[in-house]
Colleague: 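Encoded as structure tokens, here's the structure I'll be asking about.
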Amino acid sequence: MRKTKIAFYDAKEYDKQSFMASNINEEFDIAYYETRLNKDTCKLAEGCDVVCIFVNDDVNPEVIDQLKENGVKLIALRCAGYNNVDIEYAYGKIHIVRVPAYSPYAVAEHAMALLLTSIRRIHKGYIRTRDFNFSLNGLTGFDLHGKTVGVIGTGKIGRVFTDICKGFGMKVIAYDKFPAADSGIEYVSLEEIWERSDIISLHCPLTDENRHMINAETIRKMKKGVVLINTSRGALIDSEALLEGIKARQIGAACLDVYEEESNVFFHDYSNHIVNDDTLARLISMPNVIVTSHQAFLTNEALSNIADTTLENIREFFEKDTCPNEVCYKCANLANCKQTHEKKCF
Ligand code: NAI
């Protein structure tokens, strides 16, 4: 029997290892490509049934048309977010599946790791002691206990982060466009989040509506010295406004696992190059900014779940005609979408 052929873009060593370790890997014929999917690399998928992509592959209308022309029937995202895919244009042309959850713990724990590193100055202390500098000057932090954290987005990751914060004795307030009934979470307006939070952590998807939700105006409304954590999507924050807020001492610290222009730099080694992004360079130069390169998901457990779910998604699509993890713009935008996912969306 012919195996389902997959063109796997933006493949890293850890991706290959986790996919090869999956129990059902043998059922597929996977070609791994280091390059990202874009209009120039579509050709690599000629004769393939599926393209498997990640957060920074750019699936715009031109790419969708070319993939369809090449015979690709399915775009399998090996991530949860799908803001890099034009899902409206893809509707009726190519199906899209994703991995809605693989380890909310991985991301929530990374958010807390960034927060602790930043406010307890671990990143500075680490470098000092390696140089036998045992001075404590300038390393004073603050207790998390008793502080108010504003959580934006109380889905899978936001909830785990909330629980972690409660374990630290923090007061949690939250904003969600669709608050969860009977969750026991104290939901407040965004205005209150800005005004009351000592720490703000973003755990919502990026949409047209909330792009740059953290901007010059909202930063002005925040408490002086607020700590911002973004492990969601870079464009939720206007980076220029963030930089200005840091320079004005309005923002006490920023913990960034994502960055709005990350697709140009993240996941690559530019240590021997001159990076052209002045905003990123300036942010990284700040003593109170920590940047990790979209690393929050990267645990053994998450990688293994991503590989298993992605391959299961592909198997179900071709074998059973069902598609539980399908993404379509109707499902995404219409609260009353009739799709049950027992059948494909079109
Ligand atoms: P989820 O779908 O379980 O929860 C998202 C929550 O955000 C939902 O409760 C939803 O009602 C809420 N929401 C939707 N639009 C909103 C808006 N405009 N304002 C406020 N809340 C809104 O998603 P999950 O699994 O918790 O993931 C959250 C985000 O984390 C993803 O969208 C993705 O961008 C990011 N992520 C980042 C990773 C990383 O490695 N840095 C890895 C995985 C996810």
Side-chain angles (χ1 to χ4, degrees), residues 10 12 14-15 18 53-56 77-85 87 98-115 150-165 172-185 187-194 197 200-215 218 228-237 254-260 262-263 266-267 290-306 309-310 325 327 331-335:
D10 204 6
K12 302 282 184 281
Y14 49 79
D15 290 316
S18 56
I53 61 165
F54 197 49
V55 292
N56 289 322
L77 286 150
R78 50 181 195 280
C79 52
Y82 48 86
N83 53 289
N84 53 325
V85 181
I87 57 171
R98 66 174 182 138
V99 183
Y102 39 88
S103 174
Y105 311 103
V107 182
E109 288 169 15
H110 191 80
M112 181 48 89
L114 288 175
L115 175 59
V151 176
I152 300 182
T154 55
K156 293 174 284 296
I157 296 169
R159 297 272 193 113
V160 176
F161 185 72
T162 295
D163 289 344
I164 293 173
C165 290
V172 180
I173 55 175
Y175 170 79
D176 195 297
K177 201 176 166 196
F178 308 100
D182 304 326
S183 59
I185 296 171
Y187 285 106
V188 299
S189 65
L190 271 179
E191 291 300 308
E192 270 193 75
I193 294 276
W194 310 141
S197 305
I200 295 173
S201 195
L202 303 179
H203 299 290
C204 57
L206 172 66
T207 62
D208 288 341
E209 174 193 23
N210 65 13
R211 182 173 295 269
H212 286 185
M213 71 187 302
I214 307 269
N215 53 47
T218 53
L228 292 181
I229 309 167
N230 190 5
T231 56
S232 264
R233 285 293 180 265
L236 292 168
I237 299 182
C255 307
L256 309 174
D257 186 52
V258 285
Y259 170 65
E260 59 181 326
E262 70 177 50
S263 66
F266 279 17
F267 308 126
I290 297 182
V291 175
T292 50
S293 60
H294 211 129
Q295 182 186 335
F297 75 101
L298 197 65
T299 65
N300 289 328
E301 292 81 358
L303 287 172
S304 167
N305 290 337
I306 287 171
T309 308
T310 303
N325 291 325
V327 182
C331 301
N333 293 331
L334 303 176

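As the structure lists them, so they are numbered: ligands from 1, and atoms in each ligand from 1. Computed over heavy atoms, backbone and side chain alike; hydrogens, waters and symmetry mates excluded.
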Colleague: Return the closest protein heavy atom for atom 38 (C) of ligand 1 as residue, atom name and distance.
Modeller: Thr231 O, 3.8 Å

Colleague: Identify, for atom 42 (C) of ligand 1, the protein heavy atom at the shortest distance, and state residue, atom and that distance.
Modeller: Tyr102 OH, 3.0 Å

Colleague: Assess Ser232 for proximity to ligand 1: is some non-hydrogen atom of it under 4.0 Å away?
Modeller: yes

Colleague: Quick one: look up the protein heavy atom nearest atom 16 (C) of ligand 1 and list residue, atom name and how far away it is.
Modeller: Lys177 CB, 3.7 Å

Colleague: How far is atom 27 (O) of ligand 1 from the closest protein heavy atom, and which atom is that?
Modeller: Ile157 CD1, 3.3 Å

Colleague: Out of all atoms in ligand 1, which are within 4.0 Å of some heavy atom of Tyr175? Include the element for each.
Modeller: 19 (N), 20 (C)

Colleague: Taking the side chain as every heavy atom from C-beta outward, state whether Glu109 and Ile164 have any atom pair closer than 4.5 Å.
Modeller: yes

Colleague: Could you tell me which atoms of ligand 1, counted from 1 in the order shown, lie closer than 4.0 angstrom to a heavy atom of Gly153?
Modeller: 7 (O), 21 (N)

Colleague: Residues in side chain to side chain donor-acceptor pair (under 3.5 Å) with Asn230, at least two apart?
Modeller: none

Colleague: State if Gly81 counts as touching ligand 1 under the rule of any non-hydrogen atom under 4.0 Å.
Modeller: no

Colleague: Among all protein heavy atoms in this structure, tell me which lies nearest to atom 33 (C) of ligand 1, with the distance rounded to 0.1 Å.
Modeller: Arg233 NH1, 3.7 Å

Colleague: Pull out every atom of ligand 1 sitting under 4.0 Å from any heavy atom of Val107, numbered as shown with elements.
Modeller: 38 (C), 42 (C), 43 (C)

Colleague: Hey, are Tyr105 and Thr299 close enough side-chain-wise for a donor-acceptor pair under 3.5 Å?
Modeller: no

Colleague: For Leu206, does its backbone N or O pair with a side-chain atom of Asn83 as donor and acceptor, under 3.5 Å?
Modeller: no

Colleague: State, yes or no, whether a side-chain contact exists between Leu236 and Cys204 at a heavy-atom distance under 4.5 Å.
Modeller: yes

Colleague: Is any side-chain heavy atom of Phe161 less than 4.5 Å from a side-chain heavy atom of Cys165?
Modeller: yes

Colleague: To the closest 0.5 Å, what do you measure between CZ (Phe297) and OH (Tyr102)?
Modeller: 6.5 Å

Colleague: Please confirm whether the backbone N or O of Asn305 pairs with a side-chain atom of Ser103, one donor and one acceptor, at under 3.5 Å?
Modeller: no

Colleague: Does the protein come close to atom 31 (C) of ligand 1 - that is, does one of its heavy atoms sit below 4.0 Å from that atom?
Modeller: no

Colleague: Please report which non-hydrogen protein atom sits nearest to atom 40 (O) of ligand 1, along with the residue it belongs to and the distance in Å to one decimal place.
Modeller: Phe297 N, 3.1 Å

Colleague: Any non-hydrogen side-chain atom of Phe54 less than 4.5 Å from a side-chain atom of Asp15?
Modeller: no

Colleague: Among protein heavy atoms, which lies nearest atom 1 (P) of ligand 1, and at what distance?
Modeller: Lys156 NZ, 3.7 Å

Colleague: Provide, to 0.1 Å, the distance between atom 8 (C) of ligand 1 and the closest protein heavy atom, together with that atom's residue and name.
Modeller: Asp176 OD2, 3.5 Å

